[in-house]
Amino acid sequence: MSGRIISADNHYAELDNYIKESGCQSVMLVCDESLRFLDIRHYFDTLTDRLHVALTRFSDFKPNPLYESVEKGVGLFRRNRCDSIIAVGGGSAMDVAKCIKLYSNMDSGENYLKQAIVPNDVPLLAVPTTAGTGSEATRFAVIYYNGEKQSVADESCIPSVVLMDPSVLKTLPGYQKKSTMLDALCHAIESFWSVNSTEESRAYSGQAIGMIIKNKDAYFANEESGNREMLKAANIAGKAINITQTTAGHAMCYKLTSLFGIAHGHAAALCVSKLFPFMIRHTEKCIDSRGEAFLKSIFDEIADAMGCENAEQAVCRFDEILSALELRVPEAAEKDFEILKNSVNPTRLKNNPVGLDIDDIDLLYHQILSERK
Ligand SMILES: [Fe+2]
């Protein structure tokens, strides 16, 4: 169940239609600070005058949003009698908007995280402002409660409509543009080899990989066609991880971000660049119930999607893509490796088709953080 895609053409005519057709009278706009750099801000500035729809803005949250922020958003949603939500932003704005939707019909006297989710029909429209997270296509949201990461998951929070507006990528800083594209590429690759993969998810993965590779140059040149196609590719990669979730690359990347302050997609790509060749060399440690031969065939399919003849070439291709972006490799001290190897979420490792023990993870982190040539 994924969202209908609408375009930004003709001054957001399809968005106008969506708002009119949904019959909503009071929209909550969940947006991060990037909105002030985007063309679409003018649309919201004039919305009330043009369509006579009340607008409540909510941006009182930070990256890695807190439960308390979501709680505030739910309170505002109720006080202002909002009847629909539009989320404009990257992963955090999507996470907050999804949680506000899910919690909007729950008992405010009790912790929302402890209550059962009862799906509601509050319309949620997403406008992704990066071509990366694919969050607009997934049932997952992450928020933090008392310093602990909480994963919220429910099909009903997948936005029913996604507005793809390539103009949002025009002003995205270069480092974010690089790292979000790498995030989408890692989603597609990890989903492809996940033990949870299905024919449908692999079709999404293959399509996303092909689109990312084909359009990356136009995307970095800030051409509208490149930006448009990259938004679509990230969305399709999001559909793939909505089915499979991510694997060891993502399980290993989170601590690199918190320890060294590098962006999520950058960290994920550093991990995948070493994980990929390790897995090809160790298919005998396959834990996918479909077997080692199946896993090898998946690596061949990934290679094919990347325009390569075999998996080894695909690893080189991935490294070329990463090296061309000239991203730094963080400098790690010996004590960091102790922290890193104990940081990995074992649930995500279960999605990985090659079993990894603590020594493998330690070895991989040493490879990931060694100086690149
Ligand atoms: Fe990611």
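First listed ligand is number 1; within each ligand, the first listed atom is number 1.
- For residues 293-317, every residue pair satisfying the salt bridge (charged side-chain N to carboxylate O under 4.0 Å, His left out) rule, not counting sequence neighbours, is listed here: E292-K296, R317-E320.
- Cation-pi geometry between R50 and Y43 is met: the NZ or CZ atom falls under 6.0 Å from the ring centre, inside 45° of the normal.
- At a threshold of 4.5 Å between non-hydrogen side-chain atoms, the residues H264 and S179 do not count as touching.
- Stacking of K149 on the aromatic ring of Y254 is recorded, both the 6.0 Å distance cut-off and the 45° axial limit being met.
- Within the protein, the N, O or S atoms sitting under 2.8 Å from the Fe ion (ligand 1) are D183 OD1, H187 NE2, H250 NE2, H264 NE2.
- E338 has no carboxylate O lying under 4.0 Å from a charged side-chain N of K335, or vice versa, which leaves the two without a salt bridge.
- Between the K285 side chain and the P353 main chain, no donor and acceptor come within less than 3.5 Å of each other.
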